[in-house]
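Numbers here simply count residues along the sequence, with the first being 1. Note: hydrogens, waters and symmetry copies are ignored here, and every other heavy atom, side chains too, is used. Remember, it's a predicted structure, so these values are computed and weren't measured experimentally.
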Amino acid sequence: MMQIIDPHLHFFDLSLGQYHWLTHGSGPNWPNLDKIKQHHHYADLANLEFNVQRFVHIEAGFNNAKPRTELDWLANSTPRQIHFKAISYIQIDSEPAIFKQQLTELLSAPNFIGIRDITEGQDYLRLLSDNTKTNLNTLAEHGLVFEAQLELCHLDAVKALLESATLHPDFKIVINHAGFIDNQHDYTNTLLLLRDTNNIFIKFSGQEHCADALEPSAKLQLLLEYFGEDRVMFASNYPVCLIRESYLKVWQGYKQLVNDTALWQKLSFNNALKFYFNE
């Protein structure tokens, strides 16, 4: 059985958490929503080909007013022998004093390692605010991770992230879902900017979110060309990946993209181990 680290997944307990984005009204207009709108825990990842030795849980809206509660729930609901890290939520462009207060509440939480605030669509503009610049500096000073979830076609927002990454060379930033790269935009300028920024990584995930997605092998080659084989990570986006396919099929698809054993080890394990677990 192949050992993997999954650096982007979500677990739900609909009886304990809020998940307003999923449960309010009819929920997202996604195929297979009934498969996603359920309880999801570590045991649901079990399959006969890939053993999830470690994982990184990305905040899922358990309680955005009190994000610490999701971290405590994760610690109590995950088998103790499983190593994992947790990304929580704070609004990245909030007033710096409020941001610091909320961050302080998270610093002592089990497995806490960083923040995600989704800035897709026009929300990318929030990455341009002075508050965001200050708050990114705060994350960097604490040695935490920022999970950037935006379309890479927004060059100004990418430049803002690059500014923080350059100012703090040890500040770890990761771009989720391959920056939603599709076949409708030219990403050359953005990718050239990111090419030599060694503290910005990218996840190959979220293919289910792109209606005009690049063919997977072409997208992987593009990421490897600009980020190199040491800054790209395969990730599932479970259970949202169920929009298209099962957890097992996601990882089978990744394996089919890579024939080189050493490259597979980096993309499926070593790069995530280095980025999130400092090993």
Side-chain angles (χ1 to χ4, degrees), residues 4-11 21-22 28-33 36 40 55-61 85-89 92 114-124 126-127 145-155 157-158 160-162 165 172-187 190-191 193-194 197 200-227 231-247 249-251 253-254 257-258 267-268 271-272 275-276:
I4 62 172
I5 295 176
D6 192 336
H8 196 110
L9 51 69
H10 317 276
F11 296 144
W21 63 274
L22 180 64
N29 184 24
W30 291 343
N32 297 323
L33 184 62
I36 300 168
H40 293 279
F55 67 85
V56 180
H57 185 275
I58 308 298
E59 60 85 19
K85 298 296 183 181
I87 298 294
S88 190
Y89 167 80
I92 196 60
I115 294 298
R116 178 182 78 157
D117 180 13
I118 296 173
T119 53
E120 298 171 22
Q122 290 304 300
D123 268 359
Y124 85 90
R126 298 195 290 111
L127 293 174
V145 170
F146 180 61
E147 301 267 337
Q149 190 157 319
L150 75 158
E151 297 87 351
L152 286 183
C153 57
H154 300 305
L155 187 59
V158 173
L161 293 174
L162 276 167
K172 293 179 179 179
I173 297 173
V174 59
I175 298 166
N176 288 332
H177 304 331
F180 301 99
I181 289 174
D182 57 25
N183 57 20
Q184 301 299 311
H185 298 85
D186 182 359
Y187 296 91
T190 303
L191 293 172
L193 287 174
L194 293 168
T197 310
I200 297 184
F201 283 50
I202 194 164
K203 296 178 193 173
F204 187 101
S205 59
Q207 194 85 341
E208 63 276 357
H209 287 304
C210 293
D212 299 306
L214 285 181
E215 194 271 330
S217 62
K219 179 179 286 189
L220 180 59
Q221 288 308 120
L222 187 67
L223 298 187
L224 291 173
E225 177 182 353
Y226 286 96
F227 286 84
R231 292 193 288 139
V232 179
M233 298 178 275
F234 283 144
S236 70
N237 198 28
Y238 178 86
V240 181
C241 63
L242 300 177
I243 288 173
R244 289 182 55 186
E245 55 192 357
S246 70
Y247 188 76
K249 286 187 176 180
V250 169
W251 284 97
Y254 292 162
L257 292 175
V258 181
L267 301 185
S268 67
N271 293 349
F275 187 87
Y276 287 106

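Taking the six-membered ring for Trp and the full ring otherwise, Phe55 and Phe11 have centroids separated by under 6.0 Å.
Atom NZ of Lys203 and atom NE2 of His177 lie 7.5 Å apart (nearest 0.5 Å). For the atom pair Asn176 CG and Phe201 CZ, the distance stands at 14.0 Å (nearest 0.5 Å). Taken to the nearest 0.5 Å, the CE atom of Met233 stands 5.0 Å off from the CZ atom of Phe275. To the nearest 0.5 angstrom, Tyr238 atom OH is 16.0 Å from Ser205 atom OG. Considering CD of Gln184 and SG of Cys153, their distance stands at 11.0 Å, rounded to 0.5 Å. Here Ile58 contributes atom CD1 and Ile115 contributes atom CD1; the two are 10.5 Å apart, rounded to the nearest 0.5 Å.
Using a 4.5 Å cut-off on side-chain heavy atoms (C-beta onward), Asp117 and Arg126 make contact. In this structure the side chain of His185 never reaches within 4.5 angstrom of the side chain of Glu151, judged on heavy atoms. Proximity of Ile87 to His8: side-chain heavy atoms (C-beta onward) are nowhere separated by under 4.5 Å. Side chains of Ile92 and Arg116 form no contact here, defined as non-hydrogen atoms less than 4.5 Å apart. A heavy-atom distance below 4.5 Å is found between the side chains of Leu161 and Phe146. Taking 4.5 Å as the limit, every side-chain heavy atom of Asn32 sits out of range of all side-chain heavy atoms of Ile243. Here the side chains of Phe204 and Leu257 are in contact, with some heavy-atom distance below 4.5 Å. In this structure, the side chains of Ile175 and Val158 stay at 4.5 Å or more apart for every pair of heavy atoms.
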In sequence, state the C-alpha distance, the side-chain angles, and the governing distance for Glu120 and Gln149, and then conclude on side chain to side chain contact (heavy atoms under 4.5 Å, CB included).
CA-CA 6 Å; Glu120 298 171 22; Gln149 190 157 319; 2.7 Å; yes
Carefully, step by step, assess His209 and Val240 under the rule side chain to side chain contact (heavy atoms under 4.5 Å, CB included).
CA-CA 9 Å; His209 287 304; Val240 181; 3.7 Å; yes
For Val232 and Leu224, run side chain to side chain contact (heavy atoms under 4.5 Å, CB included): C-alpha distance rounded to whole Å, both residues' side-chain angles, the deciding distance at 0.1 Å, then the answer.
CA-CA 7 Å; Val232 179; Leu224 291 173; 4.2 Å; yes
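Closest approach of Ala148 to Ile173, counting heavy atoms only: CB-CG2, 4.3 Å. Here the closest heavy-atom approach between residue Leu150 and residue Ala157 is recorded as CD1-CB, 3.5 Å. Between Val145 and Val174, the shortest heavy-atom contact is CG1-CG1, 4.3 Å. Nearest heavy-atom pair, Val250 versus Cys241, reported as atom, atom and distance to 0.1 Å: CG2-CB, 3.8 Å. The two residues Leu191 and Phe227 come nearest to each other via the heavy atoms CD2-CE1, 3.9 Å. Annotation for Ile200 and Arg231: closest pair O-NH1, 2.6 Å, computed over non-hydrogen atoms.
When each of Leu193, Thr190, Asp182 is paired with Leu152, the side-chain contact (heavy atoms from CB on, under 4.5 Å) condition holds for Thr190 and for no other.
Side-chain contact of Asp6 with Ser236: a donor-acceptor pair under 3.5 Å is present, judged by distance alone.
With hydrogens and angles disregarded, a donor-acceptor distance shorter than 3.5 Å links the side chain of Gln207 to the backbone of Leu214.
Between Trp30 and Trp21, the ring-plane angle classifies as tilted under the 30° and 60° cut-offs.
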